[in-house]
Amino acid sequence: MSKFLNNKLFRYVAVFLFLNLSTLPVKASSALAAWVLKNNGVLELRTKSNTNLKAYFQKANQIYGDRFWVDFPGELKNPRTIKGNGPIKEIRLGKPNKGKTRLVIEFKQETYLNPLNWRMIGLDQNRWRIKLFNPKYPFTKIGEGLVEKNSRKIKSSRNSSYTKLGVNDYLQLPNVKQNKFSVVIDPGHGGNDPGAIGIGGIREADVVLEVSKIVKKLLSEKGVKVRLTRKNEVDLDLPPRVSIANNSDADIFVSIHANASRGKKRDINGLETFYYRGGRGRLLAKRIQKHILRVSPGSPDRGVKHGRFYVIKNTKMPAVLVEIGFLTGRLDARRLEKTAHRKRIAYAIAKGILEYLSKIG
Ligand SMILES: [Zn+2]
């Protein structure tokens, strides 16, 4: 593994959140007073009052498993590592730099988490809670100190410190003018045509249908009118897909596919987005490609390309065809078989679309 690739992988800090409260002076001792990770997957923290916390999540790479960490002001006296159990590999307390404390929870490589659903909740001025994993993973609680101690009486209103862990640059979807835009999403294949068949029999038609439905939901929540060319497992020929788009007032057309390599080579992975007409089509393709890459660390960027696919060639509005990974590739297929990753890809596509729509206004 080259140094370059390692650095590239490290760029993908997938999720982070900020809790903007006042900061302690740099010289102070650690603001982390006590913590416990319970057997139901809930992490509870006790800090000094009005502490400024920052929490992060990073997907597993070749070196580490999935990691969740929280940075606290104030310097930790004695860095330490605590062996984990169940889904937890280990918990580390360290000082990433002078005057800081970092609590790192590293998961085992095979653990599958869904950080999109994570929420850090401030229970009061000095207590925090976040649910990290499902109780279906057997786990014996680990912690230090008493989290409950000294906790002030819980305020009746919690909304001031209720923070969505989703406050991250790919989860935060841009706003566009409500009820202004209309989008056609085309889940590739369907019915008798399963599309690509990947590792373990995973079918392209199923994967792209689920992704497309999530994209529709996300865009609808932003006030964008969305039409799917197919809503279930039906065999839909290419011309009707084009007619659906051309007979509507759609601003854009996005066809969603997954790839297969010739000879089903397991080491071929990657993402690519095609456009037929340049200009706006290319801009849309670039936005989508950028965001799907960010949620697929380690999977190669096969680029934004000119393509002559029927559905993007014959639609009259800006149109793209996105290939969200190789179902025959070990890395991509392992991800695409999970709903959690399909959600991430859908978020990324929705984000690319919304960025494009807000740009063309
Ligand atoms: Zn396809």
Side-chain angles (χ1 to χ4, degrees), residues 183-216 226-245 250 252-266 268-277 281 284-285 288-289 291-293 295-296 299-315 318-339 341-346 348-350 352-353:
V183 171
V184 172
I185 302 288
D186 174 43
H189 314 277
N192 292 327
D193 169 19
I197 305 282
I199 296 170
I202 184 172
R203 297 165 78 248
E204 179 185 356
D206 301 336
V207 175
V208 300
L209 181 60
E210 187 178 2
V211 169
S212 300
K213 284 180 172 171
I214 303 168
V215 173
K216 177 179 176 173
V226 185
R227 213 167 147 189
L228 292 178
T229 55
R230 68 177 177 95
K231 295 189 183 72
N232 39 42
E233 273 308 319
V234 292
D235 198 345
L236 185 63
D237 216 350
L238 300 178
R241 295 176 197 252
V242 168
S243 320
I244 288 171
I252 56 169
F253 175 90
V254 177
S255 190
I256 303 178
H257 288 254
N259 251 323
S261 61
R262 228 166 255 159
K264 303 202 165 187
K265 295 195 184 71
R266 295 201 171 201
I268 295 183
N269 298 282
L271 302 106
E272 54 197 353
T273 307
F274 297 91
Y275 62 92
Y276 177 71
R277 265 175 297 275
L284 174 61
I288 291 177
Q289 178 74 2
H291 291 297
I292 58 175
L293 282 170
V295 298
S296 313
S299 190
D301 178 4
R302 296 169 63 93
V304 167
K305 301 168 182 170
H306 183 253
R308 298 178 164 276
F309 299 100
Y310 185 91
V311 289
I312 54 172
K313 191 174 165 184
N314 293 289
T315 34
V320 302
L321 186 147
V322 51
E323 296 277 3
I324 60 175
F326 279 79
L327 295 177
T328 47
R330 202 178 288 110
L331 175 68
D332 291 347
R334 207 185 59 197
R335 286 179 173 152
L336 286 166
E337 68 185 23
K338 313 271 192 204
T339 293
H341 184 69
R342 294 177 190 180
K343 278 188 191 167
R344 284 191 281 271
I345 285 283
I349 293 172
I353 290 172

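Remember, predicted model here, so these are calculated numbers, not experimental data. The basis for the numbers below is simple: all heavy atoms, side chains too, and nothing from hydrogens, waters or symmetry mates. As the structure lists them, so they are numbered: ligands from 1, and atoms in each ligand from 1.
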Chemist: Ignoring water, what protein N, O or S atoms are under 2.8 Å from the Zn ion (ligand 1)?
Modeler: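 Near the Zn ion (ligand 1), the protein supplies His189 NE2, Glu204 OE2, His257 ND1.
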
Chemist: As a quick check of understanding, evaluate side chain to side chain contact (heavy atoms under 4.5 Å, CB included) for His257 and Phe274, giving each step before the final call.
Modeler: CA-CA 11 Å; His257 288 254; Phe274 297 91; over 6 Å; no

Chemist: To the nearest 0.5 Å, how far apart are CD1 in Ile324 and CD1 in Ile345?
Modeler: 5.5 Å

Chemist: Go through Val254 and Leu284 one step at a time and tell me if the side chain to side chain contact (heavy atoms under 4.5 Å, CB included) criterion holds.
Modeler: CA-CA 9 Å; Val254 177; Leu284 174 61; 4.2 Å; yes

Chemist: So for atom CZ, which belongs to Arg266, do other residues, nucleotides or ligands contribute more than 12 heavy atoms lying within a distance under 6.0 Å?
Modeler: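 It does not: Arg266 CZ has 12 such atoms or fewer within range.
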
Chemist: Look at the side chain of Arg308 and the backbone N and O of Lys313, then say whether any donor-acceptor pair between them is shorter than 3.5 Å.
Modeler: no

Chemist: For Lys231, does its backbone N or O pair with a side-chain atom of Lys213 as donor and acceptor, under 3.5 Å?
Modeler: yes

